Number of protein chains: 2
Amino acid sequence: MVALPPLSDAEIDRVFHALADATRRDIVARVLGGEQASISALAARYQMSFAAVQKHVAVLEGAGLVTKQAHGRERIVRGNPERIARARELLGQLEELWKARFSQLDSLFPDTRSQE
Amino acid sequence: MVALPPLSDAEIDRVFHALADATRRDIVARVLGGEQASISALAARYQMSFAAVQKHVAVLEGAGLVTKQAHGRERIVRGNPERIARARELLGQLEELWKARFSQLDSLFPDTRSQE
DNA sequence: GGGAAGCGCAACCATTTGGTTGTATGATAG
DNA sequence: CTATCATACAACCAAATGGTTGCGCTTCCC
């Protein structure tokens with residue numbers, strides 16, 4: 001467990017916004033899955049212009065979900081699983097809030113309360 | 001484990017889009033935390049108009065993250081933890097794609113894989 | 001009954017998004 | 001050196017976002 005610096009609200013906004021598009025989720029899935037993916041290689045898979053895909057990658061990069069690595073004249077897109085894990089943690093925290101409601105109910109019946 | 005119907009791309013879009021706003025995440029956190037929250041009670045907590053908060057709640061409702069229950073002239077907003085869990089699963093699947101890349105490597109070096 | 005609270009909805013506005021095309025630049029192949 | 005490929009970036013445009021105000025309807029309280 002490394003103590004990672006917390007994401008700011010604006011960063012969290014960018015992460016979820018980046019994930020709120022099927023094309024971008026598909027790109028993330030491909031690069032996390034290990035597909036060797038230059039931008040033009042990615043662009044060939046979708047029926048939209050190269051520039052459009054380039055913009056999607058830029059959004060993902062701004063959210064920290066992918067990185068670009070120069071390799072000759074190509075830019076290889078690689079996934080950043082840490083950011084995905086971080087987003088998942090955030091959702092986990094929301095779920096915890098919900099679960100915590102039951103521990104409050106439990107406090108009304110002191111004997112039934114389990115330790116944390 | 002219940003076999004829940006899969007979310008469509010459009011639904012997933014709505015879920016992540018709804019989460020891509022700090023005010024909406026805060027609303028979700030409050031209602032999941034059990035705060036008795038009518039729309040006007042929520043609106044009082046943010047420095048924006050009632051109608052703006054109403055729109056945020058509508059976005060959350062459209063994403064299935066929240067439900068409204070009529071109670072007299074008030075609408076009580078309640079959180080839907082199932083959708084949060086669903087979103088988390090989706091992120092989990094993306095992480096699995098990444099982890100699966102190592103299982104190939106692991107087959108070359110059996111034994112090095114033990115962590116989660 | 002009548003006024004006020006709570007909500008929904010529509011109109012409006014500035015900004016952002018998601019796509020396009022076109023142009024410029026760096027790396028590669030011949 | 002020249003032509004081409006991969007990328008970057010700017011301008012442009014339609015549509016969606018996120019906020020506002022205003023109006024109308026239902027419900028509650030005196």
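Note that the structure is predicted; figures quoted are calculated from it, not measured. Scope of the values below: all heavy atoms of this structure, side chains included, with no hydrogens, waters or symmetry mates.
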Trainee: Kindly write out the residues that satisfy side-chain hydrogen bond (donor to acceptor under 3.5 Å, both in side chains) with B:R75, not counting sequence neighbours, or none if the list is empty.
Mentor: none
Trainee: Examine C:dG8: is either OP1 or OP2 under 4.0 Å from a nitrogen or oxygen in the side chain of B:R75? Give yes or no.
Mentor: yes
Trainee: Using the salt bridge (Lys or Arg N to Asp or Glu O under 4.0 Å) rule, collect all pairs that involve residues 49-58 of chain B, keeping only residues at least two apart or in two chains.
Mentor: none
Trainee: Identify all side-chain donor-acceptor contacts of residues 31-45 of chain B below 3.5 Å with residues at least two apart in sequence or on another chain.
Mentor:
residue	atom	partner	partner atom	Å
B:E35	OE1	B:R30	NH1	3.2
B:E35	OE2	B:R45	NE	2.8
B:E35	OE2	B:R45	NH2	3.4
B:S38	OG	B:S40	OG	3.4
B:S38	OG	B:A41	N	3.1

Trainee: Tell me: OH of A:Y46 to C1' of C:dG19, nearest whole Å?
Mentor: 16 Å
Trainee: Sequence neighbours left out, what passes side chain to side chain contact (heavy atoms under 4.5 Å, CB included) with B:R73? Give chain and number order.
Mentor: none
Trainee: Show the distances under 3.5 angstrom between N or O atoms of the protein and N or O atoms of nucleotides 1-3 of chain D.
Mentor:
none

Trainee: Tell me, which of residues 66-74 of chain B have any heavy atom that sits under 4.0 Å from an atom in DNA chain C?
Mentor: B:K68, B:R73, B:E74
Trainee: Under the side-chain hydrogen bond (donor to acceptor under 3.5 Å, both in side chains) definition, can you give me all pairs with a residue in residues 10-19 of chain B, not counting sequence neighbours?
Mentor: A:R25-B:D13, B:S8-B:E11
Trainee: With sequence neighbours excluded, tell me which residues meet side-chain hydrogen bond (donor to acceptor under 3.5 Å, both in side chains) with A:E61.
Mentor: A:K68
Trainee: For B:E89, check side chain to side chain contact (heavy atoms under 4.5 Å, CB included) against everything at least two apart and list the hits.
Mentor: B:R86
Trainee: Would you mind reading off the distance between B:E61 atom CD and C:dC7 atom P, rounded to a whole angstrom?
Mentor: 13 Å
Trainee: Of all the nucleotides listed (C:dC7, D:dC9, D:dA6), which has the minimum atom distance to the side chain of B:Q54?
Mentor: C:dC7
Trainee: Side-chain N or O of A:S40 versus OP1/OP2 of D:dT7: is the shortest distance under 4.0 Å?
Mentor: yes
Trainee: Suppose we screen for side chain to side chain contact (heavy atoms under 4.5 Å, CB included). Which residues come up paired with A:A29, at least two apart in sequence or across chains?
Mentor: B:L94, B:L97
Trainee: Main chain of B:G64, side chain of B:N80: is a donor-acceptor contact present, judged purely on distance under 3.5 Å?
Mentor: yes
Trainee: Side chain to side chain contact (heavy atoms under 4.5 Å, CB included) with B:T23: which residues, sequence neighbours excluded?
Mentor: B:D21, B:I27, B:Y46, B:M48, B:H56
Trainee: Check for me, please, whether A:V59 and B:I12 land in the same ILVMFWY cluster - side-chain distances under 4.5 Å, paths through other members count.
Mentor: no
Trainee: Can you pull every protein N or O that's under 3.5 Å from an N or O on nucleotides 14-21 of chain D?
Mentor:
residue	atom	partner	partner atom	Å
D:dG18	OP2	B:R24	NH1	3.2
D:dG19	OP2	B:H56	NE2	2.3
D:dG19	N7	B:K55	NZ	3.0
D:dG19	O6	B:K55	NZ	2.2
D:dT20	OP1	B:S49	N	3.3
D:dT20	OP2	B:S49	N	2.8
D:dT20	OP2	B:S49	OG	2.5

